[in-house]
Enquirer: 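Structure incoming, see below.
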Protein chains: 2
Amino acid sequence: MEDHITTCIGSPNIAFIKYWGKRNEELILPTNSSLSMTLDESINTKTSVTLSKNLKGDSIFINMEEQKPESKSAYKLFSIMRYMKKLASTDKKISVISENNFPTSSGIASSASGSATLVYALSHALNLNLSQRELSIIARQISGSACRSIFGGLVMWERGILEDGSDSFAKQLFDNNYWSDLIDIIAIVSVDKKKISSRAGMKKTVETSPLYKTRPEIAEINLKTAIQAITNKNFDELAGVIMRDSNNMHATMRDTYPPIVYMNDISNQIVNAVNVLNDSLSEKICAYTFDAGPNAHIITTKSNENMVMNMLHEVKGIKTILHSGVGFGPRLIQK
Amino acid sequence: MEDHITTCIGSPNIAFIKYWGKRNEELILPTNSSLSMTLDESINTKTSVTLSKNLKGDSIFINMEEQKPESKSAYKLFSIMRYMKKLASTDKKISVISENNFPTSSGIASSASGSATLVYALSHALNLNLSQRELSIIARQISGSACRSIFGGLVMWERGILEDGSDSFAKQLFDNNYWSDLIDIIAIVSVDKKKISSRAGMKKTVETSPLYKTRPEIAEINLKTAIQAITNKNFDELAGVIMRDSNNMHATMRDTYPPIVYMNDISNQIVNAVNVLNDSLSEKICAYTFDAGPNAHIITTKSNENMVMNMLHEVKGIKTILHSGVGFGPRLIQK
């Protein structure tokens with residue numbers, strides 16, 4: 001029997017309503033529901049899974065770097081891989097090769113993209129025939145926001161209320177064609193690896209920020225506002241809540257002890273430029289949002305792309321600009 | 001009758017527990033009590049008041065610049081001056097000349113220092129014989145934190161509960177000799193005038209930050225912790241609460257819409273350097289705190305001054321470093 005290679009492609013998502021904080025560390029159950037847009041394939045993780053009896057052991061390479069099974073960043077990947085192999089009742093060894101075409105660990109959700117694509121590729125390689133809901137629950141347990149990258153379009157991760165996490169998964173609210181005018185313009189201001197991981201950072205926030213206590217409630221209110229705005233295709237309202245929710249999350253990070261600061265002076269200049277542009281038009285035509293890193297995501301529409309680009313060209317210190325529409329989610333490209 | 005010149009000197013204060021937000025805009029009544037250390041005379045405002053029948057009208061010069069009575073920043077100064085003249089039943093004209101020996105409007109409380117020294121000087125020039133409590137209430141109505149600079153040492157501003165503000169004034173908790181080892185090392189990273197005034201900024205925070213709702217309660221808890229730490233001369237505990245309260249205030253600023261960001265990359269590098277130094281000693285020997293500006297105040301003790309200076313010398317981008325012990329409050333230097 002020959003070795004099988006299965007290759008899948010998937011993308012990060014950018015959260016409009018943020019996930020920052022767990023109620024269960026082990027199962028990765030969040031304190032609030034969240035909402036994101038899946039990016040398109042121009043920003044992707046490509047993951048190839050080789051199943052073979054001839055391999056010495058399981059291995060995972062991310063961006064050409066071999067992951068150690070016992071390392072903090074990779075042990076979840078290996079344990080989920082073992083879990084999925086068990087589901088498939090196979091004793092074959094697995095070799096995973098995963099590549100991002102965008103900077104890793106710098107506020108573009110590489111862990112979401114990587115983990116979701118891995119779970120998706122393994123399920124195909126192992127012929128597991130799992131539902132998207134099941135894939136989402138598995139991906140969640142590697143990296144919370146990965147559960148959203150199992151779907152394309154505009155995606156909600158419902159926090160759930162059960163202790164075992166069986167009701168904490170993402171679902172697609174609107175597909176990628178619903179509001180295909182939406183785009184994410186990503187201004188890369190730094191590709192340095194972040195000093196504090198999202199996992200460690202959010203744990204510290206939950207443990208030490210007095211302001212964080214009200215964050216889950218605020219996020220749920222913001223979520224309702226965002227869904228309403230998307231339902232009505234009211235960009236002005238959507239932009240407002242996207243920016244407020246990003247501010248809110250980064251505020252709880254600042255309130256953490258010691259404080260967590262992912263945004264830098266250039267990030268803050270972009271925030272300011274967005275506000276100046278929107279104010280000059282008396283209408284919000286774009287929104288900034290920042291994940292756990294300094295890189296700005298500017299959510300806007302295709303019709304306003306030029307105006308946003310002109311605005312960004314005025315900000316000094318931006319290294320690269322990426323563009324993405326709404327993606328349709330992970331897919332199989334070779335088997 | 002000859003013209004009388006009265007000259008007084010006063011100093012800013014650095015808040016350990018911050019004031020950020022009013023419950024009454026006109027009377028300047030805060031949402032929470034606050035606590036500060038008055039700086040010594042090496043950092044000062046010198047204010048000369050000339051009373052004369054020969055002047056055409058009242059005038060105020062701050063750092064050589066004539067203030068317009070109708071301007072946003074000066075109308076309170078003029079209205080308090082008229083109020084104090086009325087108390088003294090004089091129809092003489094007043095000329096005020098006020099000079100700061102430190103950068104204005106950049107996070108060193110120039111308005112606190114200037115307003116407190118003005119009120120103090122006017123009361124002497126007008127022979128008003130007011131109590132420190134009365135002076136504190138008057139100073140509060142120009143610029144909230146000015147009410148604390150009426151006193152030396154470690155000073156608490158009690159928020160009060162009355163609607164007319166008659167119970168909202170500062171008092172000295174500990175005089176300047178109580179813990180004379182305490183010092184404030186001020187790292188100036190920018191002398192640019194801040195883009196948003198404290199007055200406008202805190203109003204926006206109260207109006208738009210969802211997280212701010214819990215700030216007053218958190219500040220009151222921090223205040224109790226700080227007073228306890230000072231009572232016990234427990235520097236480690238005091239340092240912890242100073243840093244947490246600064247983080248907390250700046251977090252509510254970030255949560256404001258649009259967000260208010262006073263701290264810059266150099267400020268954040270100083271925060272990080274303080275944490276690294278304290279961690280290396282397994283004891284907090286210094287604390288950072290930031291008012292509405294990017295300049296760092298490092299609260300420490302004389303015995304650890306060298307260690308803090310060595311730490312600051314490693315941070316690139318600091319323009320000047322000022323040092324201050326605990327001051328004894330405003331005083332008359334010429335009449």
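In what follows, every chain begins at residue 1, and chains take the letters A, B, ... in the order their sequences are listed. What you see is a predicted model, and the numbers here were worked out from it, not measured in a lab.
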Enquirer: Please check this pair: side chain of B/Asp265 against backbone of A/Asp265, looking for a donor-acceptor N/O pair closer than 3.5 Å.
Expert: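 Yes; at least one donor-acceptor contact below 3.5 Å.
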
Enquirer: If you look at every heavy atom in B/His250 and A/Arg254, which pair is closest and at what distance?
Expert: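 For B/His250 versus A/Arg254, the nearest heavy atoms are C-CG, 3.9 Å.
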
Enquirer: Can you confirm whether the side chains of A/Asn248 and B/Asp255 place a donor and an acceptor under 3.5 Å from each other?
Expert: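 A pair is found: one side chain offers a donor N or O, the other an acceptor, under 3.5 Å apart.
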
Enquirer: At a heavy-atom separation under 4.5 Å, does A/Thr256 approach chain B through its side chain, its backbone, both, or neither?
Expert: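 For A/Thr256, the contact with chain B is made by the backbone alone.
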
Enquirer: Under a 4.5 Å heavy-atom cut-off, does chain A meet the side chain of B/Thr208, its backbone, both or neither?
Expert: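 Neither part; nothing is under 4.5 Å.
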
Enquirer: Which pair of heavy atoms, one from B/Leu211 and one from A/Thr214, lies closest together, and at what distance?
Expert: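 Scanning both residues completely, I find the closest heavy atoms to be CD2-OG1, 3.3 Å.
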
Enquirer: What are the two closest non-hydrogen atoms of B/Asn268 and A/Val261, and how far apart are they?
Expert: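 That closest heavy-atom pairing would be ND2-CG1, 3.5 Å.
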
Enquirer: Is B/Asn264 in contact with chain A via its backbone, its side chain, both, or neither, using a 4.5 Å heavy-atom distance?
Expert: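 For B/Asn264, backbone and side chain are both near chain A.
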
Enquirer: May I ask you to name which of A/Pro210, A/Ser209, A/Pro259 has the most heavy-atom pairs under 4.5 Å with chain B?
Expert: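 Among A/Pro210, A/Ser209, A/Pro259, the one with the most close pairs to chain B is A/Pro259.
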
Enquirer: Within a reach of under 6.0 Å around NZ of A/Lys22, are more than 12 heavy atoms found that belong to other residues, nucleotides or ligands?
Expert: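 Yes, NZ of A/Lys22 has more than 12 neighbouring heavy atoms, counting only those of other groups under 6.0 Å.
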
Enquirer: Just verifying a value: how many Å separate A/Thr252 OG1 and B/Asn247 CG, rounded to the nearest 0.5 Å?
Expert: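 Going from the OG1 atom of A/Thr252 to the CG atom of B/Asn247 covers 12.0 Å.
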
Enquirer: For chain A, which residues of residues 225-238 of chain B have at least one non-hydrogen atom nearer than 4.5 Å to it?
Expert: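 Listed by number, there are no contacting residues, so the answer is none.
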
Enquirer: Is the number of heavy atoms from other residues, nucleotides or ligands under 6.0 Å of A/Lys204 NZ greater than 12?
Expert: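 Not more than 12 within 6.0 Å, no.
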
